[in-house]
Amino acid sequence: MEVGFLGLGIMGKAMALNLLRHGFSVTVWNRTLSKCEELVESGASVEETPAGVIKKCKYTIAMLSDPSAALSVVFDKDGVLEQMCSGKGYIDMSTVDAQTSSKISEAITKTGGCFLEAPVSGSKKPAEDGQLVILAAGEKALYEEIIPAFDVLGKKSFFLGQVGNGAKMKLVVNMIMGSMMNAFSEGLVLADRSGLSQQTLLDVLELGAVANPMFKLKGPAMMKNAYPPAFPLKHQQKDMRLALALGDERAVSMPVAAASNEAFKKARSLGLGDQDFSAVYEVVKVAGSSEES
Ligand SMILES: NC(=O)C1=CN([C@@H]2O[C@H](COP(=O)(O)OP(=O)(O)OC[C@H]3O[C@@H](n4cnc5c(N)ncnc54)[C@H](OP(=O)(O)O)[C@@H]3O)[C@@H](O)[C@H]2O)C=CC1
Ligand SMILES: O=CCCC(=O)O
C-alpha cells in the first residue's frame, strides 16, 4: 500500500518509520525538509510540498502540531487542497479541535476527496512500537480502506461516527491526562516535603487502584528533574486549552482542568514548552515552596 505522510515530528517520524518497516511505500513531506533525510535512508520518497504528496498518493496521513499547522498544510499555497480530488483520501491524525477538523473535512469533501480524522492516544514509544489507540471519525469507507495502515500504527482503532467525535474524544482523554499529571506532581512534592521517599510513593501507587502506565513511566525521570520530550508540554497545554473551550461550549464546569491549564501555561512561560509535559512538576515544586515549614 502506498501512503503519503505529512509532518515528521516526534510522532510522525515514528509512525512513518513504522509503516516503512511493515512494507508500506511511504512518501513524506515536512515543513523543515531536512527532517525527511532519516526517512529517506529508511526507504521513503520525498516531495517538496504537501500538494506533491497528495498528487502522488491515493492516501495521505498528516501528523501536525496544532490547529494552525493542520489548517496551513491544507489551505495554504502548495497545500493539500491543490491536488485533492475524487478517489483520494486524507487522514488527519493531529490533535485538533472539532471545528478545525470540520473545516478541513468540508474543504476536502468539496473536492470529491474523502476525509477521516484519527487522533491518537499513546506517545513516542507506542508510536515506535505500533501500539497507539486510534480515535477515528468521518468517512466510514475511508476508515475501512485505511485499516491496514491503522493495524500497523495502533493496537486498537475506534470508529466514532461523524467528524468531530474523534477530536472531542482525544481532547477529553488529554484533559484527564493533563489533570492527572498535575495531581501526580503535587503528590511527589507533598511526599518529599513530608519526609517520605518518592520512590516508595511510586511503589505504593503501582500496587493500588490508581496504578497507571503514566506514573510508572514518568515518575522515575521526574524524581531526577529530567523531562526528555515524548509529549511536548506545549502540545499538552494546547490540548487543555482546546478541551476547556469544548467545556465552555457545552457549559461543563472543569475547575480541575482549568487549574492544570494554568500550571501548563506557567511552565510554558518559563521556557519549558519543548520539554516533556511532565516538566509541569517544576511549576508545582516552585508553587509548593511558597510557604516554608
Ligand atoms: N508527542 C506525543 O506524545 C503525542 C502527540 N500527539 C499530537 O500529535 C501531533 C504531533 O505531535 P508531535 O509529533 O509530538 O509534535 P512535534 O512538535 O514533534 O512535531 C510537530 C510537527 O508539525 C509540523 N508543523 C508545525 N507547525 C507547522 C506549520 N505551520 N506548517 C507545517 N508543519 C508544521 C512540524 O514541522 P517542523 O519539523 O518543520 O517544525 C512537525 O513536523 C500534535 O497534534 C500532538 O498534540 C498525539 C499523541 C501523542
Ligand atoms: O497526546 C498525547 C498523548 C500522550 C499519551 O497518550 O501518552
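Both counts, for ligands and for their atoms, begin at 1 and track the order of listing. In this text the structure is predicted, and so the values were computed from the model without any measurement. In what follows, every heavy atom counts, from backbone to side chain, and hydrogens, waters and symmetry copies are set aside.
Both the backbone and the side chain of Thr95 come within 4.0 Å of ligand 1, counting heavy atoms alone. Residue contacts with ligand 1 for Pro119 are absent, since no atom lies close enough (heavy atoms, distance under 4.0 Å). At a heavy-atom cutoff of 4.0 Å, ligand 1 is contacted by the side chain of Val73 but not by its backbone. Under 4.0 Å from ligand 1, the heavy atoms of Lys35 that appear belong solely to its side chain.
Residue-ligand proximity: Lys170 is placed with a non-hydrogen atom under 4.0 Å from ligand 2. Residue contact check for ligand 2: Met177 places a non-hydrogen atom closer than 4.0 Å to it. Every heavy atom of Ala70 sits 4.0 Å or more from the atoms of ligand 1.
A cation-pi arrangement is absent between Lys124 and Phe231, since the terminal nitrogen or guanidinium carbon is not both under 6.0 Å from the aromatic centre and inside a 45° cone about the axis. Taking the ring axis of Tyr281 as reference, the NZ or CZ atom of Lys285 stays within 45° of it and closer than 6.0 Å to the ring centre.
Proximity annotation for atom 43 (O) of ligand 1: of Asp66, Thr32, Leu64, Ile10, Leu64 comes nearest, heavy atoms only. For atom 19 (O) of ligand 1, the candidate residues are Ser123, Gly273, Gly9; the nearest heavy-atom contact is made by Gly9. Ranked by closest heavy atom to atom 42 (C) of ligand 1, the top entry among Ser65, Ser72, Ser94, Ala127 is Ser65. Checking Lys238, Arg31, Lys234, Met11 against atom 28 (C) of ligand 1, the nearest heavy atom belongs to Arg31.
Glu38 has a carboxylate O that lies under 4.0 Å from a charged side-chain N of Lys13, or vice versa, which qualifies the two as a salt bridge. Salt-bridge check for Glu106 with Lys110: failed, with every basic side-chain N at 4.0 Å or more from each acidic carboxylate O. Ionic pairing of Lys125 and Glu128 is not present here: no N-O contact between side-chain nitrogen and carboxylate oxygen is shorter than 4.0 angstrom.
Considering backbone and side-chain atoms alike, Thr95 places every N or O at 3.5 Å or more from each N or O of ligand 2. The distance criterion of under 3.5 Å between nitrogen or oxygen atoms is not met by Ala69 with respect to ligand 1. No N or O atom of Trp29 sits closer than 3.5 Å to an N or O atom of ligand 1. Checked by distance only, ligand 1 and Val120 stay at 3.5 Å or farther apart across all their nitrogen or oxygen atoms.
Distances below 4.0 Å separate heavy atoms of Ala230 from the following atoms of ligand 1: 1 (N), 2 (C), 3 (O). Of all atoms in ligand 1, numbered sequentially from 1 with element shown, those under 4.0 Å from a heavy atom of Gly122 are 47 (C), 48 (C). Residue Gly7 has at least one heavy-atom neighbour below 4.0 Å for each of these atoms of ligand 1: 41 (O). The atoms of ligand 1 that sit less than 4.0 Å from any heavy atom of Asn30 are 35 (O), 36 (P), 37 (O), 38 (O), 40 (C), 41 (O). For ligand 1 and Leu8, the ligand atoms under 4.0 Å from any heavy atom of the residue are 41 (O). The ligand atoms of ligand 1 that sit less than 4.0 angstrom from a heavy atom of Met63 are 8 (O). For ligand 2, the atoms sitting less than 4.0 Å from at least one non-hydrogen atom of Phe231 are 1 (O), 2 (C), numbered in the order shown with element in parentheses. Under a 4.0 Å criterion applied to the non-hydrogen atoms of Pro232, ligand 1 contributes the atoms 1 (N), 14 (O).
For Arg241, there are no side-chain hydrogen bond (donor to acceptor under 3.5 Å, both in side chains) partners at least two apart in sequence or on another chain.
With Lys234 as reference, Asp274 is the one residue of Asp276, Asp66, Asp274, Asp239 to meet the salt bridge (Lys or Arg N to Asp or Glu O under 4.0 Å) rule.
The nearest heavy-atom contact from the protein to atom 6 (O) of ligand 2 is Gly122 N, 2.8 Å.
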